[in-house]
Number of protein chains: 2
Amino acid sequence: MAVGRPRAFDVEERLDRALDVFWRQGYEGTALSDLTEAMGINRPSLYAAYGNKEALFGRVLDRYQDGPARHLRTALEEPTARAAAEHLLRGSVAVVTSARNPGGGCLLVQGALATGEQGEAARARLADGRRAAETALRRRFERAQDEGDLAPDEDAADLARYIASVSFGLSVHASDGTGAEALHRVVDRALAAWPG
Amino acid sequence: MAVGRPRAFDVEERLDRALDVFWRQGYEGTALSDLTEAMGINRPSLYAAYGNKEALFGRVLDRYQDGPARHLRTALEEPTARAAAEHLLRGSVAVVTSARNPGGGCLLVQGALATGEQGEAARARLADGRRAAETALRRRFERAQDEGDLAPDEDAADLARYIASVSFGLSVHASDGTGAEALHRVVDRALAAWPG
DNA sequence: CTACTTCTGTACCGCTTGGTACTCAACTCG
DNA sequence: CGAGTTGAGTACCAAGCGGTACAGAAGTAG
């Protein structure tokens, strides 16, 4: 059974280079030529390995959530609701001011907020990702209510929405050039509104 | 002195139609054909009346800040710093859930957060607009300190950054389909962190 | 070595992009 | 009326877009 010519590049590793481009330029602002150049592969190799631009973006997004945006999941493992919220927000500051994206901001937010028809699928995917993160946080808060470290009369959905909203705001603000220290002070204020 | 054929459309009125398109689809997601179709004029008429796509976007942005986003300025006229902050945030909720943009969100945020080379100018213009709004708010807070309705040891810049950040977050959240009532509850929590 | 499979690279596809040349229509002024 | 000016509309441009056909290189299996 013949096996064929081996691929000359590492599929996962090159995803990181694609991630950097999408992160900086957004989905619609990124051309295939930008991707092939950054990834160091030819167009047909890209299509063979990843499908098409949209599918590549999906792979990149998964990698983003497993990598730079890992804090969205790890925050849920904190022992208390308040610690989870703070972990999420501090982690967000780190990501949106990451040296990897000098422009600042979070891929889940900047990637494709408003788009034409072509970017619709990417936009929807990002919105799903944001909603999923918020839902996971809400569930964590509900668990905290069961465990007694969050008042049972609090509205967990409202609280999660608030934290998510602040996190989104950090992303936009970072893309205006605001640094990590200033954003941490925003987080300080946001957490000052924590119930109880 | 001959005057020439009169223009068959109202330059300012058609800007509103262009605004709706840019608001929904963002700068890069909007093609000239989208604009000419929505505005009901031909391409050469658009170029004669507005310059080019980038210049048209600039005109649209001015109109946006004088129209739908008027609250950014009117908030400054409130008698107290706290009232100004609340006016700004409540106004933001209204704009980002406006029926005019069913997708939700604020043009200053969604218009062009991350772009390729082509959208760079638009991106920079929006970032300037956001920074200008925050600076105006900071100055209003400083005035409030002079007038005595905001503690003099507060950091006005930090406070303005916090309010701006929350406002940006509302925009992103709205584009995920969150309604006005839920966003007002986010504002409630954000204002619960108000100093004093 | 040959047969087979799979990746690489060039060269191309149709389509859309932002932008414009040019002709004709509509208007004012003398 | 005609001369002069300006907008409208068609038809077009080069360049870039996302995506692919095809020939040849690189490997494995027998």
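Letters A, B, ... mirror the listed sequences (proteins, then strands); counts begin at 1.
- Ring geometry for B/Y27 against B/F22 counts as parallel: the plane angle stays under 30°, on a 0 to 90° scale with 60° as the upper cut.
- Between B/K53 and B/D34 no salt bridge is recorded (no basic side-chain N to carboxylate O distance below 4.0 Å).
- Rounded to whole angstrom, the span from the OH atom of A/Y50 across to the P atom of D/dG19 amounts to 16 Å.
- With the nearest nucleotide of DNA chain C identified for both B/P6 and B/E54, B/E54 has the one nearer the 5' end.
- One interatomic measurement links the two molecules: CD of A/E117 to C1' of D/dG18, which rounds to 15 Å at whole-angstrom precision.
- Nucleic acid contact class of B/A49 (heavy atoms, under 4.0 Å, all strands): none.
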For nucleotides 9-14 of chain D, 5' to 3', base contacts (B), sugar-phosphate-only contacts (S) and non-contacts (-) with protein non-hydrogen atoms under 4.0 Å give BB----
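- A salt bridge between A/D158 and A/R161 is present, with a side-chain N of the basic residue lying under 4.0 Å from a carboxylate O of the acidic one.
- Side-chain atoms of B/R138 do not come within 3.5 Å of backbone N or O of B/A156 as any donor-acceptor pair.
- Checked by atom type and distance alone, the side chain of A/R125 never pairs as donor or acceptor with a backbone atom of A/A121 at under 3.5 Å.
- Computed from coordinates, the A/F9 CZ to C/dG9 C1' distance equals 13 Å when rounded to whole Å.
- Atoms CD (A/Q118) and P (D/dG19) sit 9 Å apart, rounded to a whole Å.
- Using a cutoff of 4.0 Å between basic side-chain nitrogens and carboxylate oxygens, A/R63 and A/E12 are scored as salt-bridged.
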Discussion item. Go through it in stages, so that I can follow the logic: the residues are B/S171 and B/Q110, the test is side chain to side chain donor-acceptor pair (under 3.5 Å), and I'd like the CA-CA distance, side-chain angles, deciding distance and then a yes or no.
Written reply: CA-CA 8 Å; B/S171 177; B/Q110 331 261 358; 2.9 Å; yes
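- Atoms CE (A/M39) and P (C/dT8) sit 12 Å apart, rounded to a whole Å.
- Distance B/R14 CZ to D/dA8 C1': 13 Å, rounded to the nearest Å.
- Rounded to an integer number of Å, the gap from A/L46 CG to D/dC17 P is 14 Å.
- In this pair, A/Y64 and A/W23 present their aromatic rings perpendicular. The plane angle is above 60°, beyond the 30 to 60° band.
- Between B/N52 and the phosphate of C/dG18, there is no side-chain N or O to OP1/OP2 separation shorter than 4.0 Å.
- Within residues 20-38 of chain A, the residues that have a heavy atom under 4.0 Å from DNA chain D are, in order of number, A/T30, A/A31, A/L32, A/S33.
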- Task: Kindly indicate, with the supporting measurements, whether the criterion salt bridge (charged side-chain N to carboxylate O under 4.0 Å, His left out) is fulfilled by B/R185 and B/E181.
- Result: CA-CA 7 Å; B/R185 291 200 294 277; B/E181 326 76 46; 6.0 Å; no
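- For the pair A/Y47 OH and D/dG18 P, the interatomic distance rounds to 7 Å; values are reported in whole Å.
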